[in-house]
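For reference, the structure discussed in these notes is given below.
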2 protein chains.
Amino acid sequence: MDARQVQQVRRFNRVVTWRIGALQNSYLHRGRPLGEARLIFETGQQGASVRALRTRLGLDSGYVSRLLRSLEGQGLLSVGKQRGDGRQRRVTLTSTGQAEFAAYEKLSDELAESILAPLGAKQRDRLVSAMAEIERLIRAAAVDVQVEAPDSADARWCVDAYFRELAERFETGFDPAKSNPAHDDELTPPAGYFVVARLEAAPVGCGALKRTEKRTGEIKRMWTAPSARGLGVARRILHFLEAIARDSGLKTLRLETNRALTEAQALYRQEGYREVARFNDEPYAHHWFEKQLRRARPTPGSATAPARRSSARPGR
Amino acid sequence: MDARQVQQVRRFNRVVTWRIGALQNSYLHRGRPLGEARLIFETGQQGASVRALRTRLGLDSGYVSRLLRSLEGQGLLSVGKQRGDGRQRRVTLTSTGQAEFAAYEKLSDELAESILAPLGAKQRDRLVSAMAEIERLIRAAAVDVQVEAPDSADARWCVDAYFRELAERFETGFDPAKSNPAHDDELTPPAGYFVVARLEAAPVGCGALKRTEKRTGEIKRMWTAPSARGLGVARRILHFLEAIARDSGLKTLRLETNRALTEAQALYRQEGYREVARFNDEPYAHHWFEKQLRRARPTPGSATAPARRSSARPGR
DNA sequence: GCATTTACCTGACTAAAGTCAGGAAATGGA
DNA sequence: TCCATTTCCTGACTTTAGTCAGGTAAATGC
């Protein structure tokens, strides 16, 4: 990896994290322990479930409980049962709590303003657009791709959303029943693989690899959630699937696509897929692609030999 | 201030600071309390004085002392007297400590690499250049301009560096004795003002305002340290001096400059100074400029009505 | 209807972080 | 020489953050 790039990232971490982090601490406690402040902030105007707070803040269940009792004692929030499931509890800010929340909002604004204030108009514009870029790319880097059972809740959710989008975008509409099927067992290892991309635990895309012959596989179900487009999610999924394919001895990958999906075609071409003659009878397809896999390509940083599972799970 | 810009800065703070901050904590502990880790890191290979550590880390004197004892106990560093002043103490890493330091360096690299790793080459380039931009601008925003006595240590340091630079850049060399003088009392309020720009406590530029007539003043001693060029320091100083001038009832500002200082001329022209006929006999000058001040100009964010002193001082 | 599981709470801890008052040694100015 | 100041250290705290092992009530599966 390029050492100069690494140095730049380190300098950035140092300057930005120290400076903004320090400001954030001094601004955002308001005389209150940081944990409590974060909890108020995270609860927000619409309230939240205890579980959501726990996972979003990454805190121990007992600890959150204690923070909640303390804030309840200060009259800032109330905890009640969730409708539907009496085990879960719903946290809501009282009116005092709302006022505190508003104060934190104001401080956040002031903090942001204090960063912009010393700069001239042109410098501000540049700062803001560089920030937007970094935010986008850091989010992109936080996307996590994992193999998953094709009948898991998130996998189903992705596929449903995918089919709904196809129905909307294809000139002819889309009926899954009329399309070439890919059954769950064809997408379950070792016959095939279904992968889900996640951003902060929420699914934002999927893709699948189906083994069709000894040395040939097909890419299916490539989809990115609208909220996550422009982050390179599809490319990450594709690289991940290719790495799996390579690992399991495939030499050739194929896929078909509809002419309405122009951005998909652009991706495939960029990634080295060549258009070939129709190789199946998929009724919704207009274009057929193929790529010969090479072993261990030296492109740095792409998802080579991905771990099949990683990442920490919620709290207890 | 533009609300969209504020929102973008807030999003950035949230996403980037949380993410990188969290990574940094998880990476940089190495099983050791964060305070100790930071101290090792901050001491570095060349060592540091206790005072420097205290101010750089912003910690209580007693606390630092305790951390030092603990690390000394672990054989990671040794604390000895500073040559010159026997009260001050100098912290140096032992060879074990150096090894720890190297390990932290390596982890910092790895952290940076982990941020770059999931991205493709093009995305990396964009991330890195956006980071460079932000680092630059955040540093620029952290520059702090203050009125100061012209005989203070930092003021002297700046003026010396300024004269040395003039001697190097003027075709004819530069001898302060031959130039029109500006005595300390002429640059001390209310006769005049000397301002020093600082970045993280280190002086990085200066400038002065000298009242010459009831309604007319002169800008002198405008200088930016080479290490801080491109951050808009000179512009900040100029705005600051103009605001003071306006506050003290001046209507006209004048200044002269040498033809070798092209970037200074560009700044003055940009800031609304018009070239005028020679108004004094300064032997080193080739260009004379003048600007009519308006009251309370609406340019947002420039240093209008600056506080004469601010910013927190060290710890105890 | 009963065993499990889930979601949250409580009590009893520990470690880390930070604060404060006072005290000793070195220095510098009167 | 003496006194005020600076620099650092020590001891005695408090607060915050976080962990862990149970425990209870609601929901779920069989």
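Note that this is a predicted model, so its numbers are computed, not measured. Letters A, B, ... are given to chains in the order of the sequence lines, protein chains preceding strands, and every chain is numbered from 1.
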_Is it the case that the side chain of B:R221 and the backbone of B:V159 share a donor-acceptor pair, with hydrogens and angles ignored and the cut-off at 3.5 Å?_
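Not confirmed, B:R221 side chain does not pair with B:V159 backbone.
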*Just by modelled atom types, is the B:A149 backbone N or O under 3.5 Å from a matching donor or acceptor in the B:S152 side chain?*
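Checked: pair present.
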Just the rounded figure in Å: distance from [atom2] of [N] to [atom1] of [X].
X	N	atom1	atom2	value
B:R87	D:dA4	CZ	P	16 Å
B:R54	D:dT6	CZ	P	12 Å
A:R51	C:dT6	CZ	P	10 Å
B:Q82	D:dC9	CD	P	12 Å
A:D60	C:dT10	CG	C1'	12 Å
B:K81	C:dA25	NZ	P	9 Å

*Heavy-atom contacts under 4.0 Å between residues 63-71 of chain A and DNA chain D, which residues?*
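Close to the strand are A:Y63, A:R66.
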*Strand-adjacent residues in residues 30-47 of chain A, judged by heavy atoms under 4.0 Å from DNA chain D*: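 Residues of residues 30-47 of chain A that come under 4.0 Å of DNA chain D are, in numerical order, A:P33, A:L34, A:G35.
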*Nearest heavy-atom pair of A:L57 and A:L39: which atoms, and what distance?*
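Scanning both residues completely, I find the closest heavy atoms to be CD1-CA, 4.1 Å.
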_What I'd like to find out is whether the side chain of A:F101 reaches to under 4.5 Å of the side chain of A:T43, using heavy atoms alone._
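They are not in side-chain contact.
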_Measuring only between side-chain heavy atoms, which start at C-beta, is B:S49 closer than 4.5 Å to B:R89?_
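The answer is no; the side chains never approach within 4.5 Å.
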*Within the structure, does a side-chain N or O atom of B:R89 lie under 4.0 Å from either OP1 or OP2 of C:dA26?*
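So the side-chain polar atoms of B:R89 never come under 4.0 Å of the phosphate oxygens OP1 or OP2 of C:dA26.
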_Salt-bridge contact A:E105-B:R10 (side-chain N to carboxylate O under 4.0 Å)_ =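 Result for this pair is yes, salt bridge flagged.
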_Derivation and outcome, salt bridge (Lys or Arg N to Asp or Glu O under 4.0 Å), residues A:D60 and A:R66_ = CA-CA 10 Å; A:D60 173 87; A:R66 205 175 323 285; over 6 Å; no
*Earlier contact from the 5' end, DNA chain D, for A:G84 and B:Q88*: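 The residue closer to the strand's 5' end, by nearest nucleotide, is B:Q88.
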*Is the charged tip of A:R30 near the ring of A:Y104: under 6.0 Å from the six-membered ring centre and within 45° of its axis?*
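Yes, A:R30 sits over the ring of A:Y104.
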*Can you find a side-chain donor-acceptor pair between B:S70 and B:Q74 that sits under 3.5 Å?*
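Yes - a donor-acceptor pair under 3.5 Å links their side chains.
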